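Report on one structure; see the data block that follows.
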2 protein chains.
Amino acid sequence: MLQLSISDIKSQLQRAGFKMTPQREALVQVLIQHKTAHLSAEELFMLLKRSHPDIGLATVYRTLEILTQLTIVKKIVFEDGIARYDLKRKETGHFHHHLLCVKCGEIEEVFEDLLFDIEKKIETDYHFNIMDHRLTFHGVCKICQFAERDES
Amino acid sequence: MLQLSISDIKSQLQRAGFKMTPQREALVQVLIQHKTAHLSAEELFMLLKRSHPDIGLATVYRTLEILTQLTIVKKIVFEDGIARYDLKRKETGHFHHHLLCVKCGEIEEVFEDLLFDIEKKIETDYHFNIMDHRLTFHGVCKICQFAERDES
DNA sequence: TTTTGTGCAAAGTTTTTGCAATTTT
DNA sequence: AAAATTGCAAAAACTTTGCACAAAA
């Protein structure tokens with residue numbers, strides 16, 4: 001089941017006592033349309049203003065906060081300190097990983113569940129009850145590796 | 001070789017064209033003393049003021065930036081958006097992992113290199129040249145698990 | 001009609017920057 | 001002496017909050 005339909009998210013909101021509004025719906029739409037883009041609140045706000053010129057940035061932040069609490073969206077902060085928001089893909093059952101290129105800034109996603117065994121080991125060895133994770137590799141992406149080769 | 005001596009860091013700074021100052025030395029000392037504490041710039045600043053009442057917060061930020069560039073220190077940002085700074089432990093050859101308790105906020109460190117095989121796989125499958133990583137598990141620590149049990 | 005949500009502006013946080021004075025090499 | 005560094009204050013960048021009005025259930 002893909003966690004990507006508006007009506008599904010609407011019922012999740014309502015079950016939690018929130019109302020569905022045009023602004024919230026629009027934000028979810030934008031998140032769906034740009035689901036691999038790792039957008040910041042400001043970037044989402046800019047995209048939303050196209051269809052909803054009167055929307056406020058505070059509404060974007062408040063809605064993202066709710067969606068994060070409902071685990072519909074995951075907040076991820078890389079070393080630049082800016083919060084980015086990723087729609088969770090329910091189909092995979094775990095949060096995906098990121099490859100962050102230090103040259104061009106591009107973020108590639110890895111959907112394989114690479115951490116299964118490691119999580120088991122951590123739970124056992126450290127008595128830590130894992131609920132979520134963040135795994136990001138910093139390095140040079142394929143395209144930038146080619147660019148580097150051409151430079152020399 | 002432990003990356004933890006002042007004189008070693010001093011020569012690294014000088015090799016890169018930076019000067020060693022009392023403020024920088026003091027910051028490194030504090031980082032060594034609190035090497036498992038994951039302190040923010042503000043927290044480091046407070047600790048530094050004890051011995052150097054005149055130190056400025058900007059100096060702390062500027063020095064951390066340099067130490068980060070020289071990979072003496074690693075900057076890590078969790079979902080609260082505050083940058084924290086970890087002295088890199090050269091002995092392990094890789095950056096350690098973190099267990100972040102969602103109940104008490106405690107951060108436990110995992111020094112085992114759990115990612116070796118995964119990094120190999122990523123490098124091959126994605127043609128991504130890995131230079132560094134950030135791996136954090138969110139969950140409930142041992143102590144908070146006991147507290148939860150007692151609550152019910 | 002009751003409760004929740006919205007936009008705006010103001011305030012709060014964390015981090016960065018300009019600059020004159022000081023310190024290091 | 002030359003170059004880099006410092007502290008301070010101001011600015012910048014991102015996020016949160018208070019409030020009166022509006023919209024959803």
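Only this structure's heavy atoms are used, side chains among them; waters, hydrogens and symmetry mates stay out. So that the names make sense, note that chain A is the first sequence line, chain B the second, and so on, each numbered from 1. For clarity, every value in this text was computed on a predicted model and none was experimentally measured.
Of the N and O atoms on the side chains of A:E109 and A:H38, at least one donor lies less than 3.5 Å from an acceptor on the other residue. A:H96 and A:H94 share no side-chain donor-acceptor pair at under 3.5 Å.
When rounded to the nearest whole Å, the span between CZ of A:F78 and C1' of D:dC14 equals 17 Å. As a whole-Å value, the separation of B:I66 CD1 from C:dT24 C1' is 13 Å. Rounding to whole angstrom units, CG of residue B:D54 and P of D:dC8 are separated by 6 Å. Note: CG (B:L64) to C1' (C:dT16) measures 13 Å, nearest angstrom. Regarding A:L27, its CG atom lies at a distance of 10 Å from the P atom of C:dT6, rounded to whole Å. One can place CD of B:E79 at 17 Å from P of D:dC14, the figure rounded to the nearest angstrom. Regarding A:E65, its CD atom lies at a distance of 17 Å from the C1' atom of C:dT6, rounded to whole Å. Look at CG on B:D80: it is 15 Å from C1' on C:dG12, rounded to the nearest Å.
In this structure, the nucleotide among D:dA25, C:dT15, D:dC8 sitting nearest to the side chain of B:A83 is C:dT15. With distances taken from any side-chain atom of B:A58 to the nucleotides D:dT5, C:dA9, C:dT17, the minimum falls on C:dT17. Comparing C:dT24, C:dT3, D:dT6 by their closest approach to the side chain of B:Q23 singles out D:dT6.
Heavy-atom distances to DNA chain C give each of B:K10 and B:S40 a nearest nucleotide, and the one nearer the 5′ end belongs to B:S40. Between B:I82 and B:R62, the residue anchored closer to the 5' end of DNA chain C is B:I82, taking for each the nucleotide with the nearest heavy atom.
A:T59 has no side-chain polar atom (N or O) that falls below the 4.0 Å cut-off from OP1 or OP2 of C:dG5. Of the side-chain N and O atoms in B:Y61, one or more sit less than 4.0 angstrom from OP1 or OP2 of C:dT15. Taking 4.0 angstrom as the limit, A:R24 places a side-chain polar atom (N or O) nearer than this to OP1 or OP2 of C:dG5. The phosphate of D:dA4 has neither OP1 nor OP2 within less than 4.0 Å of any side-chain N or O from B:T21.
Put simply, the side chain of B:H52 never gets that close to the backbone of B:R50: no donor and acceptor are under 3.5 Å apart. One N or O on the side chain of B:E123 and one on the backbone of B:I130 form a donor-acceptor pair closer than 3.5 Å.
In this model, a side-chain donor or acceptor of A:K19 finds a partner on the base of C:dT3 within 3.5 Å.
Cation-pi check for A:K142 over A:F146 is not met; the charged atom does not lie both under 6.0 angstrom from the ring centroid and within 45 degrees of its normal.
Using a 4.0 Å heavy-atom distance criterion, B:E42 is classed as making no nucleic acid contact.
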